[in-house]
**Q** 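Take a look at this one; I'll ask things after.
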There are 2 protein chains.
Amino acid sequence: MPQRYSLEPVIQESTPSIIARKLRYAIAHGEVAPGSQLGEAELARELGVSRGPLREAMQRLTQEGLLVSIRNRGLFVIEMTDAEIRDMYVLRTAIESAACKLLVRADHVAAGQDLLAKVSEMEKAAGTGDRAAMSDADMAFHEHLVALSGSRSLARIHSTLMTETRMCLTVLQDSYRVTEEWIAEHRGIAEAVLGGDGPLAESRLSDHEDDALARLTSTPASVSVG
Amino acid sequence: MPQRYSLEPVIQESTPSIIARKLRYAIAHGEVAPGSQLGEAELARELGVSRGPLREAMQRLTQEGLLVSIRNRGLFVIEMTDAEIRDMYVLRTAIESAACKLLVRADHVAAGQDLLAKVSEMEKAAGTGDRAAMSDADMAFHEHLVALSGSRSLARIHSTLMTETRMCLTVLQDSYRVTEEWIAEHRGIAEAVLGGDGPLAESRLSDHEDDALARLTSTPASVSVG
DNA sequence: CGCCTGTCAATTGTTTACAATTCTAGCGCA
DNA sequence: TGCGCTAGAATTGTAAACAATTGACAGGCG
């Protein structure tokens, strides 16, 4: 059959998937506060679905670690302590470092240029002074870094980490400052990738994550994973 | 209140949790073949639960990546291609490397001795010639490595990876050979940790993972993440 | 004979209702 | 005041029924 129109296959997203995505977004953007309870009946009414699919979606988020379940009491949005945020950054640094390793072994020139483009977008966002745009650009850089590595495994883990990161950023939005230094760190990583210097890229990435972590937590990270 | 007995908090595991654990075990140990379909009605009857909690458990496994869902058709156990196994090992190496980094920054002497004890258990298992015991000991070493790091994040990801690894080992059980070299690799890692040499430990770990990967896949890994 | 199409059985997806368990809060009582 | 008990409310688990979709198969048409 001639493919006259460029038709993409119709993806029938399952209802639990849709619910999970909406809930993830709501949690990440602070529409539901950390520690607050998600009542089944209320949520089901709000979303216009029945309890079955809703519970399936909740189980997914529980598996991701975004919700904690207390039996016969309900599901609650996680509250991350400083220690847990530090621990999350350990994992995040591990994932992104691995992505860097893969990148420099592949087409690091194209990847580096791609990342530099993201840095430009960050500068643009910084120029407008829009907080949301700045953090969006920040996260876009890191998501792109992992996506360019081509690893599905890394991308999957990373996406859940970015949700948690976004949640932390939303909570501590006031303390989120974009400095020249902040953009320079990203550019440094991109340039190291461009040059194919894996160890340098990883080192800069690790330092960058430590800085980001220090901005998120009250006490500085005592042990770095870099 | 004086803690006279070392009482752990009573954890009332939810039904979906139990189901998920049982299914995970069954998949990991080859009781359900990769690619096979899991019928809701049949499984529910077999496990003695209703479809509700069963579906919730399935969603968890889907989120973990152990099952793939085809809408209106059912859930199937994943079939991993060589490329996917390689990709999984990229992630696994990233996780365990990060654990190594944490280990050498903490009490690396105690950790190293602990790991050497695991190596002894491996030798014992190798002496009996019991295939299951050998792979158990192998996986116990790696799980211990991550557990000793004290990172909940790393441990959580790693546990799902070990399930997938176990599945691969079960499928290709015949080609699983334990050699002197295999034990020596583990001892090398443990000794590097004991000596507090992070880079050496990571390097040896990476080489070890590459070897393990080469045993699992038909074609050798073209790109290492180490 | 080959291809398309309509029907049918099977399975999943969703909703609803109800029973069971457990936590919380309030009350009475020593 | 402190304790135990009880009623209410919430979640959790179960069951049944219905809707929706898929894949297969038989039959008609060119």
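To find a chain, count down the sequence lines: A is the first, B the second, and so on, and within it residues start at 1.
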**Q** Tell me, which of residues 46-66 of chain B have any heavy atom that sits under 4.0 Å from an atom in DNA chain C?
**A**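 B:Arg51, B:Arg55 - these, ordered by number, are the residues of the stretch whose heavy atoms sit under 4.0 Å from the strand.
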**Q** Can you measure B:Leu38 atom CG to C:dG13 atom P for me and round it to whole angstrom units?
**A**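 Roughly 12 Å, once rounded to whole Å.
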**Q** Can you measure A:Arg45 atom CZ to C:dT16 atom P for me and round it to whole angstrom units?
**A**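 Roughly 13 Å, once rounded to whole Å.
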**Q** Hey, which sits more toward the 5' end of DNA chain C by its nearest nucleotide, A:Asn72 or B:Gln37?
**A**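 That would be B:Gln37.
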**Q** When the side chains of residues 37-45 of chain A are checked against the rest of the protein, which donor-acceptor pairs come out under 3.5 Å, sequence neighbours left out?
**A**
{"unit_1": "A:Gln37", "atom_1": "NE2", "unit_2": "A:Arg73", "atom_2": "O", "d": "2.6"}
{"unit_1": "A:Glu40", "atom_1": "OE1", "unit_2": "A:Arg51", "atom_2": "NE", "d": "3.0"}
{"unit_1": "A:Glu40", "atom_1": "OE2", "unit_2": "A:Arg55", "atom_2": "NH1", "d": "2.3"}

**Q** Any salt bridge (Lys or Arg N to Asp or Glu O under 4.0 Å) pairs touching residues 151-172 of chain B, not counting sequence neighbours?
**A**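 Of all non-adjacent pairs touching residues 151-172 of chain B, those that pass salt bridge (Lys or Arg N to Asp or Glu O under 4.0 Å) are B:Asp136-B:Arg166.
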**Q** Taking only residues two or more places apart in sequence, or in another chain, which ones meet B:Arg60 in a salt bridge (Lys or Arg N to Asp or Glu O under 4.0 Å)?
**A**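 Applying salt bridge (Lys or Arg N to Asp or Glu O under 4.0 Å) to B:Arg60 gives none.
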**Q** Heavy atoms of chain B, cut-off under 4.0 Å: which first and last nucleotide of DNA chain D, 5' to 3', fall inside that, if you could look?
**A**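 Here the contact window of chain B covers D:dG13 to D:dG23.
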**Q** Where the side chain of A:Asp87 meets the backbone of B:Ser153, is there a donor-acceptor pair that is under 3.5 Å apart?
**A**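 Yes; at least one donor-acceptor contact below 3.5 Å.
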**Q** Could you walk me through whether A:Glu143 and A:His158 pass side chain to side chain donor-acceptor pair (under 3.5 Å), step by step?
**A** CA-CA 8 Å; A:Glu143 280 188 327; A:His158 193 256; 5.4 Å; no
**Q** Contact class for A:Glu40 vs. all strands (heavy atom < 4.0 Å): base, sugar-phosphate, or nothing?
**A**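 Touches a base.
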**Q** Suppose we screen for salt bridge (Lys or Arg N to Asp or Glu O under 4.0 Å). Which residues come up paired with A:Arg21, at least two apart in sequence or across chains?
**A**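 A:Arg21: salt bridge (Lys or Arg N to Asp or Glu O under 4.0 Å) contacts with A:Glu13.
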**Q** Mind running side-chain contact (heavy atoms from CB on, under 4.5 Å) on B:Val146 and B:Ser151 for me, showing each step along the way?
**A** CA-CA 7 Å; B:Val146 176; B:Ser151 167; over 6 Å; no
**Q** Please report the distance, rounded to the nearest Å, between CG in B:Leu75 and P in C:dT12.
**A**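 Rounded to whole Å, this separation is 8 Å.
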**Q** If we ignore hydrogens and angles and just use 3.5 Å, is the side chain of A:Ser97 paired with the main-chain N or O of A:Ala94 as donor and acceptor?
**A**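 Answer holds: no.
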**Q** CZ of B:Arg73 versus C1' of C:dT12: gap in Å, rounded?
**A**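 B:Arg73 atom CZ is separated from C:dT12 atom C1' by 12 Å.
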